[in-house]
Each structure stands twice: as structure tokens, then as C-alpha cells.
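What you see is a predicted model; the values in this text were computed from it and never measured. Excluded from the calculations below are hydrogen atoms, water molecules and symmetry mates; all remaining heavy atoms, backbone and side chain alike, are included.
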Amino acid sequence: MNFKKNKFAFSSNAKDIKYANALASQLLMPSLVVKQTLISVIENENLDSNHLSQDDIELITSKASKQLGVSYGALDYRIKNLQLFETGN
């Protein structure tokens, strides 16, 4: 078999990859689902949502990623993209 190469089928362009990752995270982890899951974990862990340490955020992200069935890194990226936790930066 001889397949024609479609230059649009696979792109290594960083901009295309970033867009594809953002789209995938939006489809796999809609913002409402992410927010509801994070709130659930915060409540289950009896944490004060107004005073979360970095360790608390890591615990919340770890537990929520398991509940959502995604990697820690994927959820961490999505949380940062949605700007759900204030940071000292």
C-alpha cells in the first residue's frame, strides 16, 4: 500500500500541539466537572478553601485526578489553565 502524506494530518508545530492539548483537556475535563470535583475533595478532606497551602493543593490535585481518571500532570495543567487556585506569584 502506498499512502499519501497529508501535511495536515500530523503536525509537530508547537502552536498546533498546544492547541490540541488545550482542546483535549477541555473535552476530557470540562471546567464545571473539574470545579465540582475539587470542591468535593476539599470538603471530604475538611480543608478551608480560603486558606490552602501548597501541600493542600497537591493533595487535592492528586485525589481529584484519581476521581477523574486523568494523570496528575493533566489535571494540574487544567487547574492552572482555569486559574482555580491563587498562588503567591
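A search for side-chain hydrogen bond (donor to acceptor under 3.5 Å, both in side chains) contacts involving N50 returns nothing, not counting sequence neighbours. Evaluation of the side-chain contact (heavy atoms from CB on, under 4.5 Å) rule for S31 yields K35, R78, L82 as partners, not counting sequence neighbours.
Counting non-hydrogen atoms of other residues, nucleotides and ligands closer than 6.0 Å to OH of Y19 gives a total of 12 or fewer.
Sorted by first then second residue, the salt bridge (charged side-chain N to carboxylate O under 4.0 Å, His left out) pairs that include residues 54-77, not counting sequence neighbours, are E45-K63, D76-K80.
Once rounded to the nearest 0.5 Å, the distance linking OG of S49 with CD1 of I39 reads 8.0 Å.
Across L75 and S65, no two heavy atoms sit closer than the pair CD2-N, 3.4 Å. Of all non-hydrogen atoms in V41 and I60, the two that sit nearest each other are CG1-CA, 3.8 Å.
Contact annotation: the side chain of I57 never approaches that of I79 to less than 4.5 Å [non-hydrogen atoms, C-beta and beyond].
In this structure, T37 contributes its side chain and V33 its backbone to a donor-acceptor pair below 3.5 Å. Between the side chain of N81 and the backbone N or O of Y77, no donor-acceptor pair lies under 3.5 Å.
Linking Ile, Leu, Val, Met, Phe, Trp and Tyr residues whenever their side-chain heavy atoms come within less than 4.5 Å leaves L59 and L84 in two separate clusters.
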